[in-house]
Structures are given as C-alpha cells and as structure tokens.
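We use all heavy atoms of the structure for the numbers below, so side chains are in, but hydrogens, waters and symmetry mates are not.
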Amino acid sequence: MSLKHFLLAIAALFIANGCASAQMAIERSFIPAAEAEFPEFTGADSASEAVIDHSAWRDYLNRYARPQDEGPTLVAYAETTDADEASLNAYIAMLEDADPGALNSDEQLAFWINLYNAVTVRLILENYPVDSIRDIKSGPFDFVGPWNEKRTVVAGVPLSLNDIEHKIIRVNFDDARIHYAVNCAAIGCPSLRPTPYDGATIDAAFNEQARAFINDARGVFIDEKGRVTASKIFSWYREDFGESEKDVLRHIAQFAEPMLAAELLQADDIDRHRYDWALNDAR
C-alpha cells in the first residue's frame with residue numbers, strides 16, 4: 001500500500017462517523033484513475049469473427065447464481081462443489097491463455113467482464129466463508145481490500161481486478177454502462193448477471209443491467225420529500241456518468257421507469273449516496 005493510501009485510510013477512520021461529504025471524498029480518492037497502462041491490450045481486430053467459449057462460466061452461473069424478485073442476484077458460494085470450482089478454475093485458465101487482441105471490440109469487452117466476474121467469484125470461494133469482499137486483505141495494513149493484488153495472468157501479463165476494470169475496460173471501451181456489468185460480490189453492487197456476456201448481445205445486456213439496477217432501491221431512491229439517494233457508484237465514478245450531478249441524474253433517468261425518470265429530471269442534485277458491502281451470499 002502506498003503512503004498516500006495509508007494516510008487516507010487513517011483519515012477515513014477519523015471521519016467515518018462525521019461529515020458524509022468528507023467521507024465520500026476519501027472514498028473517491030481510493031478509486032484508481034482510468035489510465036492506460038497495458039498497451040498490449042489496446043488493440044482489437046474489427047474483422048474478427050472469433051468468439052470465446054463461455055459455456056463453463058454459464059454452467060457455474062446456472063447452478064449457483066440465484067436472481068431474486070427484488071434486490072441483487074445472490075450466489076450460492078457454500079453450495080459450490082469441488083468439481084464445479086475446478087471447472088471455474090479451468091475456465092479462467094482458458095481465458096488467461098487467450099489473445100484478446102484477436103477479438104473484435106464487443107467480444108473483447110465481453111471477455112474482460114466475464115474474466116473480472118469469474119476471478120471475483122473464485123476469490124470469494126478461496127476465502128469463504130467471509131462476510132464481505134473487503135475483509136479479504138493482504139496484511140494488517142491493507143485498508144483497501146483485494147483489488148490491487150495480481151490475481152490473474154492474461155497472455156503472460158499479471159493483472160489485478162483494478163487493472164482489468166480501470167486500466168483496461170474503462171480506458172479502452174469508454175462506456176459508463178460497464179459499471180452495471182462488473183460485479184464486486186457485494187449486495188450494493190449491480191447484480192452478477194446470471195448468464196455470461198457475449199459480443200453479439202452485449203449492448204442489450206448492458207441496458208438490461210442498467211434498468212434492473214436503477215429501478216431497484218440499491219440504484220436510486222426518492223423519498224416523499226423529493227430527496228434523491230443514489231448508489232455510491234454514481235459518486236465514485238462520477239466522471240464516467242457526467243460532468244455534474246445534473247448530468248448523472250440525466251444518465252440515470254435514461255434507464256428509469258417513467259414516473260421515476262420524471263422525478264429524477266426535476267431534481268437538482270443527489271442528496272445522499274449509499275452502498276452495502278455485505279457479501280452477495282445466498283446462504
């Protein structure tokens with residue numbers, strides 16, 4: 001952990017029960033910038049018709065991802081058999097041996113999101129039982145969690161979850177809807193999609209994920225006084241959603257049901273942000 005992040009973490013401990021805006025500023029400081037660090041992963045083959053076989057990931061999700069009538073999809077981590085965990089590991093190993101540059105842009109985006117989500121599920125399985133992904137730490141002075149540890153190696157390049165999300169996906173694809181697709185194994189996160197992403201349907205899948213999250217109280221909620229409470233992802237990644245809170249509200253309204261959209265477009269700002277870090281566990 002860098003000295004900067006250590007000092008910020010200490011500051012966060014002191015203000016955790018204080019000013020909400022100051023706490024949010026501290027949290028935003030931990031979010032890595034969307035900066036290119038992996039030039040080997042910047043190209044795509046626009047003429048490519050190659051696809052990745054995500055059937056093993058589909059099989060895992062079919063068995064263990066449990067969509068709920070309301071709220072997030074939960075994962076039955078405790079029910080995962082040794083054979084299915086081995087199959088998940090083999091799927092990740094297959095992705096690690098692939099050449100993302102040989103894929104067209106949509107297939108490549110699906111590749112990275114599926115890899116991120118599968119590696120996150122593997123991380124939970126390796127440390128289960130755990131109450132929150134943030135409890136998985138590299139040592140006593142790790143105030144961040146598991147996102148900076150190198151947890152996969154793609155085409156010979158070691159990568160962390162933060163590398164995949166912030167240094168590859170956000171940089172190369174410039175689409176705010178990716179935040180509805182990558183899943184950090186938390187209740188407050190947009191749900192783990194119970195089927196893999198694929199290039200042919202990824203645009204529709206992103207819109208489906210956005211609508212499901214935004215029209216659930218985890219995404220946005222407006223009380224009887226018109227005050228807007230929104231997920232912290234709209235603060236952490238505000239620059240991806242717009243230059244101002246008004247822009248963020250317009251983005252959210254695109255995917256909201258009509259009555260909610262009308263209220264969002266009348267609002268001037270977001271009054272409060274919240275996020276639930278409890279594990280998305282079906283147990």
Side-chain angles (χ1 to χ4, degrees), residues 1-2 4-5 30-45 48 50-54 56-57 60-61 85-127 130 133-139 142-186 189-190 192-193 196-199 202 206 233 236-237 240:
M1 166 180 261
S2 69
K4 171 190 172 184
H5 281 160
F30 280 96
I31 303 297
E35 297 174 344
E37 288 188 8
F38 301 98
E40 56 269 73
F41 296 133
T42 57
D45 183 351
S48 174
V51 296
I52 298 290
D53 180 7
H54 298 294
W57 180 222
Y60 182 89
L61 293 170
E85 186 170 358
S87 179
L88 176 65
N89 290 336
Y91 166 71
I92 293 171
M94 181 268 291
L95 296 184
E96 291 174 328
D97 288 339
D99 176 13
L103 304 172
N104 65 46
S105 181
D106 287 342
E107 287 293 337
Q108 198 176 100
L109 179 53
F111 168 93
W112 288 116
I113 292 175
N114 288 327
L115 176 64
Y116 184 101
N117 291 344
V119 169
T120 298
V121 168
R122 179 176 69 178
L123 173 66
I124 299 301
L125 292 173
E126 290 172 345
N127 291 274
V130 64
I133 190 172
R134 293 199 302 178
D135 294 336
I136 303 171
K137 301 181 184 297
S138 60
D142 180 358
F143 297 99
V144 178
W147 293 279
N148 288 325
E149 294 292 315
K150 304 296 183 182
R151 300 197 175 273
T152 186
V153 180
V154 177
V157 180
L159 296 171
S160 68
L161 291 170
N162 272 345
D163 290 335
I164 296 172
E165 181 176 5
H166 306 292
K167 311 304 182 182
I168 297 175
I169 297 177
R170 289 176 68 201
V171 169
N172 294 344
F173 300 98
D174 191 25
D175 188 335
R177 295 176 302 166
I178 66 97
H179 295 296
Y180 306 117
V182 293
N183 182 268
C184 63
C189 187
L192 177 66
R193 190 167 185 257
Y197 293 90
D198 65 78
I202 197 163
F206 278 2
I233 70 168
W236 293 335
Y237 308 109
D240 292 3

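For the atom pair CG (Leu115) and CG (Leu159), the distance works out to 8.0 Å, reported to the nearest 0.5 Å. Summarising the geometry, atom CG belonging to Asn172 is positioned 11.0 Å from atom CD1 belonging to Ile178; distances are rounded to the nearest 0.5 Å. Here NE2 of His179 is found 12.0 Å from SG of Cys184. Values are rounded to the nearest 0.5 Å. Rounding to the nearest 0.5 angstrom, the gap separating the CG atom in Asn127 from the CD1 atom in Ile136 is 4.0 Å.
Here the side chains of Leu88 and Val121 are in contact, with some heavy-atom distance below 4.5 Å. By the 4.5 Å heavy-atom criterion applied to side chains, Phe206 and Leu109 are counted as neighbours. No side-chain heavy atom of Tyr116 sits less than 4.5 Å from a side-chain heavy atom of Ile113. Counting heavy atoms from C-beta outward, Phe38 and Ile164 have side chains that stay 4.5 Å or more apart. Contact annotation: the side chain of Val154 never approaches that of Leu95 to less than 4.5 Å [non-hydrogen atoms, C-beta and beyond].
Scored by the side-chain contact (heavy atoms from CB on, under 4.5 Å) test, Arg193 finds Thr195, Tyr197, Ala205, Glu208, Gln209 as partners (sequence neighbours excluded). By the side-chain hydrogen bond (donor to acceptor under 3.5 Å, both in side chains) test, Glu96 pairs with Thr152, sequence neighbours left out. Shown here are the salt bridge (charged side-chain N to carboxylate O under 4.0 Å, His left out) partners of Asp53, two or more places apart in sequence or in another chain: there are none. Remark: Lys150 engages Asp163 in a salt bridge (charged side-chain N to carboxylate O under 4.0 Å, His left out) (not counting sequence neighbours). Every residue two or more places apart in sequence or in another chain that forms a salt bridge (charged side-chain N to carboxylate O under 4.0 Å, His left out) with Glu37 is listed here: Lys167.
When atom types are taken as modelled, the side chain of Arg151 and the backbone of Pro146 share a donor-acceptor pair closer than 3.5 angstrom.
The side chain to side chain donor-acceptor pair (under 3.5 Å) pairs that include a residue from residues 102-114 are His54-Asn114, where partners are two or more places apart or lie in different chains.
For the 3.5 Å distance criterion, the side chains of Asn162 and Asn148 qualify, holding a donor opposite an acceptor.
Taking the six-membered ring where the residue is Trp, Trp57 and Tyr60 present parallel rings, their angle staying beneath 30° rather than reaching 60°.
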